[in-house]
Amino acid sequence: MKFNPYRLFVRRGRPSENAKHAKRDWKRRAPQVSLSGVVLCLSLLFLFIPLFVITFYSFNSAKDTTFQQFSFVWYEKLLFASDDLWSALFNSLFVALTSSLVATLLGTLASIGISWYKFFGRQYIQSVAFLPMVLPEVIMGVSLLIFFSGIKLSLGLFTIFIAHATFCLPFVYLMVSARLDEFDYSIIEASHDLGANEWQTLFKVIIPAIMPGIAGGFAMSVTMSLEDYVITSLVSGPGSTTLPLYVYSMIRFGVSPVINALSFVLILAICALVFVLRKGLKSFASAR
């Protein structure tokens, strides 16, 4: 029989005030099934079941959805017979990392400048900065294609890099601005009182304080760049096939289970990266 503190306060007849409080606290601590908890569990299942399905069929020896026997045949083909796939993956990683670095640098500086300095057109820039987030990807891709054609720029990895940096920049700006809204401005005054100039304050005080927002913006930019298809398909050229373009081109002939194996490898790599970033940010916060 479970221990119930309510029994300790019950006397003969009507329960005392202490007994009522003990019963209320006991009910509050007891596990209860709520609608929000059910919705949360169903949402997590909806998000993660496809990942488990992909992982399961990556070890299937058959090419269809009928599981025959456990095998590493698709991982072997991924490593030794998928040169085009690896080339597309490296193109995606190169574009994602470089465009995210540029977007993170420009978005961080833009959020600091717009949040702390007053200048002509500040409100206009704040409003326009969110347009790439709400515009349909087709409109943004077509506008970038017209721009590149107007300046006679050949389509390729460089145009994909510019396009990805463009639509990732507002997300970095938003995340860093949210971090700056909670910033304690007194530490800037303290740094000036201690003799630090503007550059020393920026690199030794401001950037370390908003580093979680910067890291979050960079991680989001990498993720969005890796999965983008619509804009990439409009601004890509010969020899600039990324992973989403390569996978979509395979649909016409049937998607190979090698994609399942690559997906599982990417899932492991992303989980490891998130774990390292989480530990690194915790160490960074404790060191400060």
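A quick note: this is a predicted structure, and the numbers were derived from the prediction, not measured.
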May I ask you to check whether [X] and [Y] place their ring centers less than 6.0 Å from one another?
| X | Y | result |
| --- | --- | --- |
| Phe46 | Phe48 | no |
| Phe167 | His164 | yes |
| Tyr75 | Phe59 | yes |

Please tell me if the side chains of [X] and [Y] come closer than 4.5 Å, counting only heavy atoms from C-beta onward.
| X | Y | result |
| --- | --- | --- |
| Leu243 | Leu93 | no |
| Pro257 | Asn260 | yes |
| Leu153 | Ile162 | yes |
| Pro212 | Arg179 | yes |
| Ile270 | Thr223 | no |
| Phe218 | Val172 | no |
| Phe264 | Ile54 | no |
| Val95 | Leu157 | yes |

How long is the span from the [atom1] atom in [X] to the [atom2] atom in [Y], to the nearest 0.5 Å?
| X | Y | atom1 | atom2 | value |
| --- | --- | --- | --- | --- |
| Gln200 | Leu194 | CD | CG | 11.0 Å |
| Thr104 | Met175 | OG1 | CE | 10.0 Å |
| Cys168 | Leu106 | SG | CG | 11.5 Å |
| Glu137 | Asp228 | CD | CG | 5.0 Å |
| Ile231 | Ser236 | CD1 | OG | 12.0 Å |
| Phe94 | Ser99 | CZ | OG | 9.5 Å |

*In a check of side-chain contact (heavy atoms from CB on, under 4.5 Å) between Thr232 and each of Thr159, Thr241, Thr242, which one passes?*
Thr242
*The single option from Leu85, Asn91, Leu89 passing side-chain contact (heavy atoms from CB on, under 4.5 Å) against Ser87*: Asn91
_Applying a strict under-4.5 Å side-chain criterion to I, L, V, M, F, W and Y, I'd like to know whether Leu226 and Leu51 cluster together._
no
*asked:* Test of understanding: clusters of I, L, V, M, F, W, Y form through side-chain heavy atoms closer than 4.5 Å, transitively. Do Val142 and Ile139 belong to the same one?
replied: no
*Measure the acute angle between the ring planes of Phe203 and Trp199, then classify it against the limits of 30° and 60° as parallel, tilted or perpendicular.*
parallel
*Aromatic rings Tyr248 and Tyr229: how do their planes relate, parallel, tilted or perpendicular, breaks at 30° and 60°?*
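Tilted.
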Keeping the roles fixed (side chain from [X], backbone from [Y]), state whether a donor-acceptor pair exists under 3.5 Å.
| X | Y | answer |
| --- | --- | --- |
| Trp74 | Asn60 | yes |
| Ser58 | Thr55 | yes |
| Ser100 | Val222 | yes |
| Thr108 | Leu105 | no |
| Trp86 | Leu78 | yes |

*asked:* Looking at every heavy atom in both Ile112 and Ile206, which two are closest together, and how far apart are they?
replied: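 Closest approach of Ile112 to Ile206: CD1-CG2, 4.0 Å.
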_Within 6.0 Å of CZ in Phe52, more than 12 heavy atoms from elsewhere_ = no
*Step-by-step side-chain contact (heavy atoms from CB on, under 4.5 Å) determination, Val176 to Ile214*: CA-CA 6 Å; Val176 177; Ile214 297 174; 4.1 Å; yes
